[in-house]
**Student:** 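Mind looking over this structure? Questions follow.
Being a predicted model, the structure only gives us computed values, none of them experimental.
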Amino acid sequence: MPARLTIRDAIPDDARVIAEIYNESIAAGDATMDDELKTAAEIRSQIQNFTKRETFLLLQRGESVLGWGVIKRFGEDPDYRFCCETSVYLRHSEIRRGYGSRIKRALIRRCREYGYHHLTARIFASNRASIGYNRRFGYEIVGIQKEIGFKNGRWQDIAIMQLVLEDVPPEIPPR
């Protein structure tokens, strides 16, 4: 019998596997502007410095982590307290198996629990698969930042996507 899939919050001891998965995308140059590989210590620090409304969610099959999603606050300004940024990363060997969708649904549920009304995602404008994936969850492109980064030897445009959770009113107290 295949191992069951579970989603759970990350703990500092998960920093190594989060970095490992993220570093696959850094090395591939396909989903992040980051150029420098992340260390477990850097990710551990990020986890330890998260607010109560930020988290990594890990998707596991048995003991093996297949991917993760993150909820990060949008900015320091308190007026943005109802807005966050979401991202999903999978091991490249696990792409196109529905795992990203499982993580995205869990992220959106958690965003509701945290009282976020406005979710954002930043995606390479050339990454049609990722844009389509986010559209399936109701995200829409609200703008393109032209030539905002230089990666892979050329200027990169970034699509800014958003999902407004209309059922999350501003009265929900932040956790």
Side-chain angles (χ1 to χ4, degrees), residues 3-76 80-124 127 129-131 133-134 136-139 158 160-163 165 168 172-175:
R4 202 179 97 198
L5 292 173
T6 58
I7 294 179
R8 66 172 177 82
D9 286 282
I11 59 172
D13 287 348
D14 295 315
R16 181 197 54 77
V17 73
I18 292 169
E20 184 179 288
I21 292 168
Y22 189 56
N23 288 340
E24 283 186 27
S25 287
I26 292 173
D30 61 357
T32 177
M33 286 288 187
D34 278 335
D35 283 326
E36 304 219 1
L37 299 179
K38 300 299 177 195
T39 66
E42 289 170 312
I43 301 296
R44 184 175 293 106
S45 175
Q46 186 178 359
I47 293 169
Q48 291 169 333
N49 289 307
F50 272 161
T51 67
K52 291 180 181 180
R53 295 172 68 222
E54 295 176 295
T55 194
F56 282 105
L57 294 180
L58 274 56
L59 174 69
Q60 288 187 210
R61 181 175 50 226
E63 296 299 313
S64 178
V65 176
L66 306 177
W68 54 264
V70 66
I71 300 169
K72 298 184 294 189
R73 63 185 176 181
F74 184 76
E76 299 292 322
Y80 289 122
R81 69 187 173 278
F82 299 109
C83 180
C84 67
E85 182 176 352
T86 62
S87 300
V88 172
Y89 288 89
L90 295 170
R91 291 187 185 279
H92 279 90
S93 62
E94 303 296 344
I95 291 173
R96 302 205 191 290
R97 296 181 182 194
Y99 299 140
S101 294
R102 286 178 181 258
I103 296 170
K104 185 64 96 170
R105 281 191 293 274
L107 285 174
I108 293 170
R109 273 193 306 274
R110 183 64 63 86
C111 287
R112 278 191 169 92
E113 291 171 18
Y114 284 172
Y116 286 118
H117 176 74
H118 185 117
L119 286 53
T120 64
R122 294 180 293 162
I123 300 163
F124 284 119
N127 189 339
S130 187
I131 289 171
Y133 158 79
N134 279 279
R136 286 193 300 276
F137 291 95
Y139 284 75
I158 294 294
I160 305 298
M161 300 188 78
Q162 71 179 26
L163 171 63
L165 301 176
V168 179
I172 294 176
R175 289 178 141 195

**Student:** Could you give the distance from CD1 (Ile21) to CH2 (Trp68), rounded to the nearest 0.5 Å?
**Tutor:**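 That separation rounds to 8.0 Å.
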**Student:** Does CZ in Arg122 sit with more than 12 non-hydrogen atoms of other residues, nucleotides or ligands closer than 6.0 Å?
**Tutor:**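 No, because the 6.0 Å sphere around CZ of Arg122 holds 12 heavy atoms or fewer from other groups.
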**Student:** Between Arg16 and Glu20, is the closest basic N to carboxylate O distance under 4.0 Å?
**Tutor:**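 Salt bridge present between Glu20 and Arg16.
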**Student:** Rounded at 0.5 Å granularity, tell me how far CD in Glu113 sits from CD1 in Ile108.
**Tutor:**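 Rounded to the nearest 0.5 Å, the CD-CD1 separation comes out at 12.5 Å.
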**Student:** How long is the straight-line distance from CZ of Phe137 back to CG of Leu163, given to the nearest 0.5 Å?
**Tutor:**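 Reported to 0.5 Å precision, the distance equals 10.5 Å.
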**Student:** Could you pull out all residues at least two apart from Phe124 that satisfy ring pair (Phe, Tyr, Trp, His ring centres under 6.0 Å)?
**Tutor:**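 Once residues adjacent in sequence are excluded, Phe124 has no partner under the ring pair (Phe, Tyr, Trp, His ring centres under 6.0 Å) criterion.
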**Student:** Once you round to the nearest 0.5 Å, how far does CG of Leu37 lie from CD of Glu42?
**Tutor:**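 So the CG of Leu37 and the CD of Glu42 are separated by 9.5 Å.
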**Student:** Does the pair Leu66 and Leu5 meet the rule for a side-chain contact (heavy atoms from CB on, under 4.5 Å), with working shown?
**Tutor:** CA-CA 9 Å; Leu66 306 177; Leu5 292 173; 3.7 Å; yes
**Student:** On a heavy-atom basis, which atom in Asn127 and which in Ile123 lie closest, and how many Å separate them?
**Tutor:**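 Reported closest heavy-atom pair: CB-CG2, 4.0 Å.
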**Student:** Which atoms form the tightest heavy-atom contact between Met33 and Ile158, and what is the distance?
**Tutor:**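 Heavy atoms of Met33 and Ile158 come nearest at CE-CD1, 3.7 Å.
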**Student:** Start with the C-alpha distance between Arg81 and Arg53, add both sets of side-chain angles, then the distance that settles side-chain contact (heavy atoms from CB on, under 4.5 Å), and finish with yes or no.
**Tutor:** CA-CA 10 Å; Arg81 69 187 173 278; Arg53 295 172 68 222; 4.1 Å; yes
**Student:** Measuring from Arg105:CZ to Arg136:CZ, what's the distance to the nearest 0.5 Å?
**Tutor:**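 One finds 10.0 Å between CZ of Arg105 and CZ of Arg136.
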**Student:** Which atom pair, heavy atoms only, marks the closest approach of Tyr139 to Ala121?
**Tutor:**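 Nearest pair, atom of Tyr139 first, then Ala121: CE2-CB, 4.1 Å.
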**Student:** Quickly, which of Lys104, Arg110, Met161 forms a side chain to side chain contact (heavy atoms under 4.5 Å, CB included) with Thr86? Name it, please.
**Tutor:**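 With Thr86 as partner, Lys104, Arg110, Met161 yield a single side chain to side chain contact (heavy atoms under 4.5 Å, CB included), made by Lys104.
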**Student:** Start with the C-alpha gap between Asn23 and Lys38, add the side-chain angles, then the distance that decides, and say whether side-chain contact (heavy atoms from CB on, under 4.5 Å) holds.
**Tutor:** CA-CA 6 Å; Asn23 288 340; Lys38 300 299 177 195; 3.8 Å; yes
**Student:** Given 3.5 Å as the limit, does a donor-acceptor pair link the side chain of Glu85 with the main chain of Lys72, or not?
**Tutor:**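 No.
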**Student:** Below 3.5 Å, can you tabulate the donor-acceptor pairs from side chains in residues 55-63 to any protein atom, sequence neighbours excluded?
**Tutor:**
unit_1, atom_1, unit_2, atom_2, d
Thr55, OG1, Asp9, OD1, 2.7
Gln60, OE1, Arg8, NE, 2.5
Gln60, OE1, Arg8, NH2, 2.8
Gln60, NE2, Gly62, O, 2.9
Arg61, NH1, Tyr99, OH, 2.8
Arg61, NH2, Glu94, OE2, 3.4

**Student:** Checking Tyr89 side chain against Ala31 main chain: does a donor-acceptor pair fall under 3.5 Å?
**Tutor:**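 Yes, Tyr89 side chain to Ala31 backbone: donor-acceptor pair under 3.5 Å.
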**Student:** To check you understand the geometry: which heavy-atom pair defines the closest contact between Glu24 and Leu90, and what is its length?
**Tutor:**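 Scanning both residues, the minimum pair turns out to be OE1-O, 4.4 Å.
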**Student:** Return yes if some donor-acceptor pair links the side-chain N/O of Tyr133 with the main-chain N/O of Gly100 below 3.5 Å, else return no.
**Tutor:**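 Checking the backbone N and O of Gly100 against the side chain of Tyr133, a donor-acceptor pair under 3.5 Å is found.
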**Student:** Would you give the length of the straight line joining atom CD1 of Ile47 to atom CG of Asp13, rounded to the nearest 0.5 angstrom?
**Tutor:**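 Here the rounded value is 9.0 Å.
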**Student:** Taking CD in Gln48 as the centre, count heavy atoms belonging to other residues, nucleotides or ligands within less than 6.0 Å. Is the count above 12?
**Tutor:**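 Buried by this count: over 12 neighbours within 6.0 Å.
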**Student:** Ignoring hydrogens, what is the shortest heavy-atom contact between Ala15 and Arg44? Give both atom names and the distance.
**Tutor:**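 It is CB-N, 3.5 Å.
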**Student:** Compare every heavy atom of Ile18 with every heavy atom of Ala10, then report the nearest pair and how far apart it is.
**Tutor:**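 Scanning both residues, the minimum pair turns out to be CB-CD1, 3.9 Å.
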**Student:** Quick one: do Tyr114 and Glu54 satisfy side-chain contact (heavy atoms from CB on, under 4.5 Å)? Show the steps, please.
**Tutor:** CA-CA 9 Å; Tyr114 284 172; Glu54 295 176 295; 5.9 Å; no
